[in-house]
Amino acid sequence: MGVSDDGKPIATAKLARQVMDYCRSLDLPVIEHSEDVSLAAGRGDARGRHFNTLGLRGMPAAAESVCVARDVQLTELTGARLHIAHLSAEGVT
Ligand SMILES: [Zn+2]
C-alpha cells in the first residue's frame, strides 16, 4: 500500500511535507506524479528534444525536475519513502 497524487500533483511544498509526515508515521510510501503545474502550463509531458522533433509542445523539463528536487529534499527532512511514478524529461535524475 501507499499514497499517490497521480493525476493531480501536490501543488505546494507545505502540503507535500504534510503528506510525507503522515505517510512516514504510517510507514507508507508516497508515490508521486512529479510535475510543478505552475511551470507545466497545461502542456503534455516533458519528453525534451524528441517530443519537440515531432512538432509537439511539451512542458519544460524543469516542470518535472523542480518537483523531483523538492520532494527528494522533503524525504531527507521527513524520512518518508518516495517512489516517483514516472519521468519523461531527459536529464532528470
Ligand atoms: Zn502521473
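Both ligands and their constituent atoms are indexed starting at 1 by order of listing.
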Arg70/Asp36 salt bridge by N-O under 4.0 Å criterion: no
Nearest heavy-atom neighbours spanning Asp5 and His33: OD1-N, 2.7 Å
Gln18 CD to Ile10 CD1 distance, which is reported to the nearest 0.5 Å: 10.0 Å
Donor-acceptor pair between Ser88 and Glu64 side chains, under 3.5 angstrom: yes
More than 12 heavy atoms from other groups under 6.0 Å of CZ on Arg24: no
Shortest non-hydrogen contact between Val72 and Leu82, atoms and distance: N-CD2, 4.1 Å
Distance below 2.8 Å from the Zn ion (ligand 1): protein N/O/S atoms: Asp6 OD1, His33 ND1, His86 NE2
